[in-house]
*Asks:* 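Here it is, the structure in full.
Each chain gets a letter, A, B and so on, in the order the sequences are listed, and its residues count up from 1.
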Protein chains: 2
Amino acid sequence: MAEAAPRRQPTLDEVAELAGVSRSVASRALNNAPHVSRVKREAVERAVRQLAYVPNPSARALATRQTGAAALVISGEDPSIFADPFFAQVIVGASAALEEADLHLMLCLAASDRGRKRVEELFRSKGADGVMLMALREDDPLARMAQEAEIPVVFGGRPVGPAPRWYVDVDNVGGAREATEYLLSRGRTRVAAICGRMDTEAGRARYRGYRDAVLAAGLDPFPPLEGDFTEPSGAAVMTALLANHPDVDGVCAANDNMAAGALRTLRETGRPVPAEVAVVGFDDLAIARIADPPLTTVHQPITEFGREMARMLVALVNGQDPTPLILPTRLVTRASA
Amino acid sequence: MAEAAPRRQPTLDEVAELAGVSRSVASRALNNAPHVSRVKREAVERAVRQLAYVPNPSARALATRQTGAAALVISGEDPSIFADPFFAQVIVGASAALEEADLHLMLCLAASDRGRKRVEELFRSKGADGVMLMALREDDPLARMAQEAEIPVVFGGRPVGPAPRWYVDVDNVGGAREATEYLLSRGRTRVAAICGRMDTEAGRARYRGYRDAVLAAGLDPFPPLEGDFTEPSGAAVMTALLANHPDVDGVCAANDNMAAGALRTLRETGRPVPAEVAVVGFDDLAIARIADPPLTTVHQPITEFGREMARMLVALVNGQDPTPLILPTRLVTRASA
DNA sequence: TCCTGAACTGGAAGCGCTTCCAGTATTTCG
DNA sequence: CGAAATACTGGAAGCGCTTCCAGTTCAGGA
């Protein structure tokens with residue numbers, strides 16, 4: 001009966017008026033800043049409720065020079081890289097941490113040129129209070145943008161090259177080494193590595209871990225057999241591997257997707273796993289548990305990875321200077337090795 | 001040698017001054033609006049380049065009352081629902097469509113109360129130009145918020161209850177019916193359904209499709225055996241099913257995850273698939289191809305789903321009135337049935 | 001009682017951009 | 001060649017909020 005239908009949103013002025021205070025006081029009360037008496041604070045609260053007032057984020061952003069949002073940028077030629085369930089888990093963690101800090105999450109899949117241009121504008125216009133950057137490849141144009149950025153940037157996984165100031169990463173070398181050592185300790189002597197993209201630091205580091213372990217055992221490492229972190233590429237590399245080295249008895253894959261692909265090839269070619277060939281993966285995604293046989297793999301705390309990345313960014317936004325973080329991995333043994 | 005290091009971002013005023021025009025003209029030139037002579041337009045462009053000017057999004061948002069962002073809200077008690085690769089694919093599509101419209105994507109995992117409160121504020125404060133809403137359950141509090149929202153909302157998948165004004169969905173009934181008919185046409189006569197959550201419209205609709213097909217064949221449908229769309233729940237329901245109906249010879253699962261779980265149970269209990277029990281899934285995610293045996297499943301165009309949802313939202317934001325969309329499904333036959 | 005300082009208060013100046021509108025320069029046509 | 005229409009232009013008024021700062025109020029102490 002009251003309420004004109006298409007009414008404008010109430011503004012802070014109206015709240016102030018209804019509460020019988022000035023706009024400044026109302027603003028302070030809202031942000032519960034000091035210098036507001038109890039009485040007025042309550043009057044403002046009442047008015048806010050009565051008018052169903054909600055502050056206008058844009059106005060606030062303009063006045064405070066803070067957007068209230070953090071961006072998660074995922075690089076990649078091809079948006080389908082994002083189909084890797086790995087990222088979903090990262091997002092769950094990051095989202096939770098940002099929620100605590102009351103920041104919104106902007107997701108940027110920087111695949112096309114257009115997408116990269118938008119990210120660049122995001123950086124330059126300070127369209128977010130900070131940026132998390134993932135899945136960078138060697139010579140990734142996003143690296144340069146991050147360099148020049150005047151807003152906080154944290155890297156999820158070190159990029160190839162010199163380590164940035166702020167990042168969170170996983171102990172890729174240690175994880176891969178442990179996995180390889182496990183294979184060797186079970187008597188495997190011809191252990192190959194199915195590598196991820198070697199233009200990523202994760203791909204390289206995991207190969208280094210494998211290599212270290214093999215060398216330490218006095219054996220000859222295989223050269224890197226490069227896949228691209230997808231299941232089909234794992235299957236393909238495994239096929240080639242079997243053709244060239246039919247006597248291979250262990251495979252250390254740079255992630256679970258490729259390990260699953262290897263399992264498929266082995267199944268299709270009738271090689272029993274682990275009897276003839278043992279396989280280990282990396283990530284410990286759902287697929288590792290579902291695979292047949294279930295995958296022995298290097299567990300990494302992915303959700304935590306996302307959470308820590310976001311926390312680091314929040315710290316940065318708040319003017320602190322957090323230190324880089326390297327999360328531990330842990331070998332999970334299942335039937336495949 | 002020039003350039004003071006921590007210089008402020010250049011503003012439109014400075015661009016205008018450098019170009020020798022007024023701010024209004026500069027603004028018009030920037031948004032290439034009419035009423036700007038060629039000469040001045042070029043002068044402005046030059047100044048923009050020279051100062052490396054980027055407009056301030058908050059200021060623009062405040063002045064235009066448009067945020068330049070669309071939100072994708074995913075409901076769910078538990079953030080891990082988001083781990084379903086389904087969502088990743090939706091995001092790929094939505095992200096692409098929003099990029100075309102030059103909108104940013106905000107991702108809201110509305111799991112906790114806090115998360116829902118933030119979404120509510122997003123709605124009420126018009127913190128985004130529009131919202132895409134997914135994975136709603138019966139009596140979902142987000143439904144009410146969407147009701148009251150004064151900003152465009154499109155639903156990804158109809159919610160339980162009356163259909164909203166704008167949504168995109170998939171032909172769940174038709175897909176499930178086709179899958180079930182396929183099983184029946186291959187001579188299976190005791191076909192059960194492993195259902196998804198029955199407090200979602202997708203869960204219900206897929207069961208309806210199954211039911212329709214079974215009834216049409218003159219057989220008795222199984223009651224809904226409810227899982228929650230996860231692999232473990234599929235395995236658990238399958239175990240129970242085998243215990244109660246050892247003679248079941250076909251299973252129609254409401255998604256691939258649960259179908260994979262069913263396959264695992266069948267493998268572990270030594271029932272050959274499809275010889276003794278045939279299994280079909282729904283979704284056609286990567287897991288369907290990877291499963292052993294590969295899963296016959298109902299393909300749905302998930303990326304397109306996301307894209308269409310975003311396109312519909314963009315249309316809405318632009319003042320159009322798009323019509324709801326129901327995307328077709330298609331049965332993909334592989335070895336499991 | 002008067003003075004000092006702490007606690008509040010609200011006016012006013014922005015934050016950086018869009019857009020209305022009145023005014024000026026340029027055409028175009030009778 | 002003058003008048004009317006057209007094309008540009010820039011001043012100024014916002015958009016809705018924060019925050020500085022000068023001013024006011026009110027205890028408490030001398």
*Asks:* Hey, is A:R311 close enough to A:E308 for a salt bridge, meaning N to O under 4.0 Å?
*Replies:* yes
*Asks:* Test A:W166 against every option in A:T323, A:V153, A:L325, A:D321 by the side chain to side chain contact (heavy atoms under 4.5 Å, CB included) rule and name the one that passes.
*Replies:* A:D321
*Asks:* Measure NE2/A:H35 against C1'/C:dA6 and give the value in whole Å, please.
*Replies:* 10 Å
*Asks:* For the pair made of OH in A:Y53 and P in D:dG16, what is the distance, rounded to whole Å?
*Replies:* 10 Å
*Asks:* Where each residue is assigned the nucleotide of DNA chain D containing its nearest heavy atom, which of A:R23 and A:R28 is assigned the position nearer the 5′ end?
*Replies:* A:R23
*Asks:* Verify the contact: side-chain N or O of B:K40 to OP1 or OP2 of D:dC8, cut-off strictly under 4.0 Å; return yes or no.
*Replies:* no
*Asks:* Using whole Å, report how far CG of B:N32 lies from C1' of C:dT18.
*Replies:* 15 Å
*Asks:* Look at A:S27 and D:dC17 and indicate whether a side-chain polar atom (N or O) is within less than 4.0 Å of OP1 or OP2.
*Replies:* no
*Asks:* Rounding to a whole Å, what distance do you find between B:Q9:CD and C:dG16:C1'?
*Replies:* 11 Å
*Asks:* Just to confirm, is there a sub-4.0 Å distance from OP1 or OP2 of D:dT19 to any side-chain nitrogen or oxygen of A:T64?
*Replies:* no
*Asks:* Nearest-Å distance, CG (A:L12) to P (C:dA12)?
*Replies:* 17 Å
*Asks:* It should be established whether A:R60 places a side-chain nitrogen or oxygen under 4.0 Å from OP1 or OP2 of nucleotide D:dT18.
*Replies:* yes
*Asks:* What is the distance from NZ of A:K126 to C1' of C:dG16, rounded to the nearest Å?
*Replies:* 14 Å
*Asks:* Which of the following nucleotides, D:dT9, D:dC17, C:dC8, is nearest to the side chain of A:S37?
*Replies:* C:dC8
*Asks:* Is there a donor on the side chain of A:S24 or the base of C:dG11 sitting less than 3.5 Å from an acceptor on the other?
*Replies:* yes
*Asks:* Could you check how far CG of B:N56 sits from P of D:dC17, rounded to whole Å?
*Replies:* 17 Å
*Asks:* Ignoring backbone atoms, establish whether A:R65 has a side-chain N or O less than 4.0 Å from OP1 or OP2 of C:dG16.
*Replies:* yes
*Asks:* Could you check whether A:N31 and A:R60, counting side-chain N and O atoms only, form a donor-acceptor pair closer than 3.5 Å?
*Replies:* yes
*Asks:* Would B:S112 and A:E99 count as having a side-chain donor-acceptor pair, cut-off 3.5 Å?
*Replies:* yes
*Asks:* A:L62 has an atom CG; how far is it from atom P of C:dT18, in whole Å?
*Replies:* 12 Å
*Asks:* Check whether B:Q9 reaches the backbone of A:R124 with its side chain - one donor and one acceptor, N or O, closer than 3.5 Å.
*Replies:* yes
